[in-house]
Amino acid sequence: MTENTAGADSYEVIVVGGGAAGLSAGLVLGRARRRTLVVDAGEPRNAPAAHMQGYLSRDGMSPAEFLATGREEIARYGVELVRDRAVDATRGEDFTVTLAGGRTVRARRLVVATGLEDELPPVEGLAERFGRDVLHCPYCHGWEVRDQAFGVLATSPVSVHQALIVTQWSKDVTLFLHTVTEAELSEEDRRRLAAAGVRVVAGEVAGLVVADDRLTGVRLTGSASAGGAAVHACEALFVAPVAVPRTDLLARLGAEMTETPFGVYPVVDGRGLTTVPGLWAAGNASGFAEQVINAASRGYRAGAAINGELLMSDLDAAVEAGSSVRV
């Protein structure tokens, strides 16, 4: 059964975000014959990466190709996709979403799948090489740089964990403490780093050394006479960016938010439903640790749950009205 809200710009479901989570939700909803709009601002988190890994049957596929394929798939089922940005949303009987281009759209249910941004430390050369040989996830890129000279740029004492994890892909690992002091490392940290064979280098990183468009080293502030070599060999540098969730729409609509070590995210149930009836979150808008395959799964789950919720809502309304609906 499909019941459309009135008006040319009215939908049953609006999905804000055209990444893996949003497209997956749109695919499920389109196949369920729901009138669905996907709003895509075109800013996927993994855009700097040449390939994505660990997605069964899509291992090694470029993010751009993956999204292009997803857009083609949702179009087969009548899902509309608009390249625009959602700048505001309100909730009354339906959700009303205002787009940057001036269009206003409405829907009975709203999915926010706007993801997050990676905010890198202000180190010279870091942003330019992010997704190439400056990396954040060994599960995404570790195999491709295996057995090379690894560096880990500390952004907090938690970076010790990252340094230990990447030793699964290389035994040549250096932890650059950068703005973290040696005193901030616990005794357990020190023991584990020593056991894993991770070198620890104190001092702030000033920039990267690049030759022939390849990372070759990490340059510290100061000079060699100030406490060791000013440049350390490094072919792949791992860093944990600060995650900045794009959750403004959720907060604006009154969703309960919770503080985590990785940013502020909405409180959701197992399906992605927020504390606001009819408002859903999927992918990295619902949590930090959603890789592409996880984000797609969350979008699928939200789409299926929304279809079931709409169906039962309409059936209950029909029962109360003493009429019938066509299923």
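This one's a predicted model, so the numbers in the text were calculated from it and none came from an experiment.
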**Request:** For atom OH of Y55, decide whether the heavy atoms of other residues, nucleotides or ligands shown that lie under 6.0 angstrom number more than 12.
**Result:**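 Yes.
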**Prompt:** Around R129, counting heavy atoms of other residues, nucleotides and ligands shown, do more than 12 lie under 6.0 Å from its CZ?
**Reply:**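 Yes, CZ of R129 has more than 12 neighbouring heavy atoms, counting only those of other groups under 6.0 Å.
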**D133 and R214: CA distance, side-chain angles, deciding distance, salt bridge (charged side-chain N to carboxylate O under 4.0 Å, His left out) verdict** = CA-CA 8 Å; D133 37 31; R214 296 185 63 180; over 6 Å; no
**Request:** Compute the centroid of each ring, for W169 and then for Y139, and state whether the two points are separated by less than 6.0 Å.
**Result:**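 W169 vs Y139: aromatic centres under 6.0 Å.
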**Prompt:** Do F288 and Y265 make the cut of ring centroids closer than 6.0 angstrom?
**Reply:**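 No; Y265 has its ring centre 6.0 Å or more from that of F288.
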**Request:** Name all residues meeting the side-chain contact (heavy atoms from CB on, under 4.5 Å) criterion together with R71; count only those two or more places apart in sequence or in a different chain, and write none if there are none.
**Result:**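 For R71 the side-chain contact (heavy atoms from CB on, under 4.5 Å) partners, ignoring immediate neighbours, are L23, D40, L67, A68, L81, R83.
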**Item:** Residues in side-chain contact (heavy atoms from CB on, under 4.5 Å) contact with V16, at least two apart in sequence or another chain
**Value:**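 Scan of V16 (side-chain contact (heavy atoms from CB on, under 4.5 Å), adjacent residues dropped) gives I14, A86, L110, T114, L249.
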**Message:** Run the salt bridge (charged side-chain N to carboxylate O under 4.0 Å, His left out) test on E235 and R146 for me, step by step, so that the C-alpha distance in whole Å, both residues' side-chain angles and the decisive distance to 0.1 Å come before the verdict.
**Reply:** CA-CA 10 Å; E235 297 168 286; R146 63 193 183 278; over 6 Å; no
Student check: side-chain heavy atoms of [X] and [Y] closer than 4.5 Å:
X    : Y    : value
T155 : V242 : no
L311 : R34  : yes
V231 : V218 : no
V276 : R91  : yes
L37  : V82  : yes

With a 3.5 Å cut-off and no angle check, do the side chains of [X] and [Y] form a donor-acceptor pair?
X    : Y    : answer
E80  : Y11  : yes
S10  : R106 : yes
E290 : N284 : no
E72  : T69  : no

**Request:** List for me each residue that meets salt bridge (charged side-chain N to carboxylate O under 4.0 Å, His left out) alongside D189, sequence neighbours excluded, and say none if there are none.
**Result:**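 For D189 there are no salt bridge (charged side-chain N to carboxylate O under 4.0 Å, His left out) partners, ignoring immediate neighbours.
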**Item:** Set of residues satisfying salt bridge (charged side-chain N to carboxylate O under 4.0 Å, His left out) with respect to R45, sequence neighbours excluded
**Value:**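 In terms of salt bridge (charged side-chain N to carboxylate O under 4.0 Å, His left out), with neighbours along the sequence ignored, R45 is linked to D118.
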Report all side-chain donor-acceptor pairs from residues 199-206 shorter than 3.5 Å, counting only partners two or more places apart or in another chain.
residue, atom, partner, partner atom, Å
R199, NE, T174, OG1, 3.1
R199, NH2, D172, OD1, 2.4
R199, NH2, T174, OG1, 2.9

**Asked** Under the salt bridge (charged side-chain N to carboxylate O under 4.0 Å, His left out) criterion, do E124 and R219 qualify, and how do the steps go?
**Response** CA-CA 10 Å; E124 181 185 345; R219 176 169 47 86; 3.4 Å; yes
**Request:** Tell me, please, which residues at least two apart from D269 pass side-chain hydrogen bond (donor to acceptor under 3.5 Å, both in side chains).
**Result:**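 Listed in chain order: R271.
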**Request:** Is it possible for you to say whether L153 and F150 belong to one hydrophobic cluster, with membership spreading through side-chain heavy-atom contacts below 4.5 Å?
**Result:**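 The answer is no; the residues belong to distinct hydrophobic clusters.
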**Prompt:** Linking I/L/V/M/F/W/Y whenever any side-chain heavy atoms sit under 4.5 Å apart, do V15 and V79 land together?
**Reply:**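 Yes, same cluster.
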**Prompt:** Taking all non-hydrogen atoms of both residues, which atom of H141 and which atom of A49 are closest, and how far apart?
**Reply:**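 Smallest heavy-atom distance, with atoms named: CE1-CB, 4.1 Å.
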**Message:** Which heavy atom of G283 sits nearest to which heavy atom of R298, and what is that distance?
**Reply:**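 For G283 and R298, the tightest heavy-atom pair comes out as N-CB, 3.9 Å.
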**Prompt:** Once the angle between the rings of F176 and H232 is folded into 0 to 90°, is it parallel (under 30°), tilted (30 to 60°) or perpendicular (over 60°)?
**Reply:**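 F176 and H232: perpendicular rings.
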**Message:** Out of the candidates V97, L99, V105, only one should pair with D84 under the side chain to side chain contact (heavy atoms under 4.5 Å, CB included) rule; please name it.
**Reply:**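 With D84 as partner, V97, L99, V105 yield a single side chain to side chain contact (heavy atoms under 4.5 Å, CB included), made by L99.
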